[in-house]
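Every chain is numbered from 1, with letters handed out A, B, ... down the list of sequences. What you see is a predicted model, and the numbers here were worked out from it, not measured in a lab.
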Amino acid sequence: SQQGEEDPQALSIQEGENATMNCSYKTSINNLQWYRQNSGRGLVHLILIRSNEREKHSGRLRVTLDTSKKSSSLLITASRAADTASYFCAPRQNNNAGNMLTFGGGTRLMVKP
Amino acid sequence: DAGVTQSPTHLIKTRGQQVTLRCSPKSGHDTVSWYQQALGQGPQFIFQYYEEEERQRGNFPDRFSGHQFPNYSSELNVNALLLGDSALYLCASSLAGYGFQPQHFGDGTRLSIL
């Protein structure tokens, strides 16, 4: 099974700034998902991008996917203190017959008021 | 519409004991997955249940076992607990279908081994 590797491990920004986090993976995928986890809570699904898509938007979130570089990025625009959380990517391999998710260590985002 | 619920929220056990964690999936979901998340790390997949059978399994020893009931709820059992089993155990549910199924997570059970 493959997992994504998020970069940077930690990111600290001021409220109102944009936050960009990256994900790299190793083998072909059919989709890639991003999840958020607030401290001590479960993960929340943010967005799913399919292998034939290059960019997707959801509110203040923008996700890009470059299958030639095997990488994805998550951009949060106009960040808020409530965006403080850990963010994980989950690339899904083509031969993943079930629905298991594999995660890396995540990016810990802190948004200062 | 209730989301994924897990019980208990916190649990303290000692080495060698056995533990059972419970999960009720989101209404309408039929597939349940379990993850272990050590402090400061990402969740690691343990196994997934569908139609009361284990469909996929991660790299976890046989001490970790599970069950899914006809109402789709699930249990995770861990035998012969080790200090390294201390973690947040997350349950996630989804609707069966090949490919593009986001998973819905509960808030987990925090298991501490003394």
message = Would you call the rings of F105(B) and Y35(B) parallel, tilted or perpendicular, taking 30° and 60° as the class edges?
response = tilted
note = Contact list (residues 59-86 of chain B to chain A, heavy-atom gap under 4.5 Å, by number) returns none
Over 12 foreign heavy atoms within 6.0 Å of [atom1], [X]:
| X | atom1 | value |
| --- | --- | --- |
| R54(A) | CZ | yes |
| E53(B) | CD | no |
| R41(A) | CZ | no |

ask   = Should W34(B) and Y50(B) be counted in the same cluster of Ile, Leu, Val, Met, Phe, Trp and Tyr side chains packed under 4.5 Å apart?
value =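 Different clusters.
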ask   = Is it the case that T31(B) and S94(B) place a side-chain donor and acceptor less than 3.5 Å from each other?
value = no
remark   = Bottom line for Q37(A): the part with an atom under 4.5 Å from chain B's heavy atoms is side chain
key: Greatest number of heavy atom pairs closer than 4.5 Å to chain A - which of H104(B), R110(B), Q37(B), Q41(B)   =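 Of the candidates given, the most pairs with chain A belong to Q37(B).
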message = With a 4.5 angstrom heavy-atom cut-off, is it the side chain or the backbone of Q103(B) that approaches chain A, or both, or neither?
response =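 Backbone plus side chain of Q103(B), per the 4.5 Å heavy-atom cut-off to chain A.
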ask   = Tell me, side chain or backbone of Q6(B) under 4.5 Å from chain A's heavy atoms, or both, or neither?
value =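 Answer is neither: Q6(B) stays 4.5 Å or more from chain A.
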message = Exactly one of T20(A), N22(A), T64(A) should register a side-chain hydrogen bond (donor to acceptor under 3.5 Å, both in side chains) with S73(A). Which one does?
response =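 Only one of T20(A), N22(A), T64(A) forms a side-chain hydrogen bond (donor to acceptor under 3.5 Å, both in side chains) with S73(A), namely T64(A).
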